[in-house]
Amino acid sequence: QVQLVESGGGLVQAGGSLRLSCAASGRTFSNYAMGWFRQAPGKEREFVAAIKNSGSSTFYADAVKGRFTISRDNAKNMVYLQMNNLQPEDTAVYYCAAGPAGTMITNYYGVNYWGKGTLVTVPS
């Protein structure tokens, strides 16, 4: 089992920045690919960003490319999502996700573990 706990969400004005953190515990963190997903009110959960277990490769949804950056610190069992130039359409609950090593988690079929989420609100 892997436990994932997100933090760092909150209310931010349009154009502002937030950094989300996800703390992992339970298994060897470096054995897991990691990702971030989000779910806006009334919408399905969607992919945001992914990073391989080694940290060597990243991938982003088109909607966030150039504004969001995913990173990880395997020594600290942490994964981060730096979000810049936030817009009202970024308002959602953001979920941390873990999947098998060597993969890139770009859809929820590849996810083995989920966190409980952290809310990001960007008022219009």
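Clustering of Ile, Leu, Val, Met, Phe, Trp and Tyr side chains at separations under 4.5 Å places Tyr80 together with Met78.
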Show your working on side-chain contact (heavy atoms from CB on, under 4.5 Å) between Leu4 and Tyr113 and close with a plain yes or no. CA-CA 8 Å; Leu4 303 173; Tyr113 303 101; 4.2 Å; yes

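Scored by the side chain to side chain contact (heavy atoms under 4.5 Å, CB included) test, Ala40 finds Lys43, Ala92 as partners (sequence neighbours excluded). Evaluation of the side chain to side chain contact (heavy atoms under 4.5 Å, CB included) rule for Thr28 yields Ser30, Asn31 as partners, not counting sequence neighbours. The side chain to side chain donor-acceptor pair (under 3.5 Å) test applied to Gln82 returns Asn84, not counting sequence neighbours. Partners of Arg38 by salt bridge (charged side-chain N to carboxylate O under 4.0 Å, His left out), not counting sequence neighbours, listed by chain and number: Glu46, Asp90. In this view, Asn77 and Phe29 satisfy the side chain to side chain contact (heavy atoms under 4.5 Å, CB included) rule, not counting sequence neighbours. For the side chain to side chain contact (heavy atoms under 4.5 Å, CB included) test, residues two or more places apart in sequence or in another chain that qualify with Gln3 are Gln1, Ser25. Remark: Tyr94 pairs with no residue by the ring-ring contact (aromatic ring centres under 6.0 Å, His included) rule, at least two apart or across chains.
Residue pairs meeting the salt bridge (Lys or Arg N to Asp or Glu O under 4.0 Å) criterion with at least one member in residues 1-17: none, sequence neighbours excluded.
For an aromatic pair to be called close, the ring centres must be under 6.0 Å apart, and Trp114 with Phe37 satisfies this.
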Can I get a per-line list of side-chain donor-acceptor pairs under 3.5 Å for residues 55-63, giving both atom names and the distance, sequence neighbours left out?
{"from": "Ser56", "atom 1": "OG", "to": "Ser54", "atom 2": "OG", "distance (Å)": "2.8"}
{"from": "Tyr60", "atom 1": "OH", "to": "Ile70", "atom 2": "N", "distance (Å)": "2.9"}
{"from": "Asp62", "atom 1": "OD1", "to": "Lys65", "atom 2": "NZ", "distance (Å)": "3.1"}

Donor-acceptor pairs under 3.5 angstrom involving side-chain atoms of residues 96-107: please list them, not counting sequence neighbours.
{"from": "Thr103", "atom 1": "OG1", "to": "Pro100", "atom 2": "O", "distance (Å)": "2.6"}
{"from": "Asn107", "atom 1": "OD1", "to": "Tyr109", "atom 2": "N", "distance (Å)": "2.9"}
{"from": "Asn107", "atom 1": "OD1", "to": "Gly110", "atom 2": "N", "distance (Å)": "3.4"}

For residues 116-124, run the donor-acceptor check on the side chains, cut-off 3.5 Å, and write out each pair with its distance to 0.1 Å, sequence neighbours left out.
{"from": "Thr118", "atom 1": "OG1", "to": "Gly9", "atom 2": "N", "distance (Å)": "3.2"}

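Checking side-chain atoms of Asn85 against main-chain N and O of Phe68 turns up no donor-acceptor pair under 3.5 Å. Checking side-chain atoms of Arg45 against main-chain N and O of Tyr95 turns up no donor-acceptor pair under 3.5 Å.
Under the 4.5 Å side-chain heavy-atom criterion for grouping Ile, Leu, Val, Met, Phe, Trp and Tyr, Val12 is connected to Val64 within one hydrophobic cluster. In the hydrophobic clustering of ILVMFWY residues, with side-chain heavy atoms under 4.5 Å counting as a link, Trp36 and Val111 come out apart.
Considering every non-hydrogen atom in both Gln87 and Ala14, the closest pair reads OE1-CB, 4.4 Å. In terms of heavy-atom proximity, Gln39 sits nearest to Glu44 at CG-C, 4.0 Å.
Looking only at side-chain heavy atoms (C-beta outward), Leu81 and Thr69 stay at 4.5 Å or farther from each other. Side-chain contact between Phe47 and Tyr108 is absent, with no heavy atoms from C-beta onward closer than 4.5 Å.
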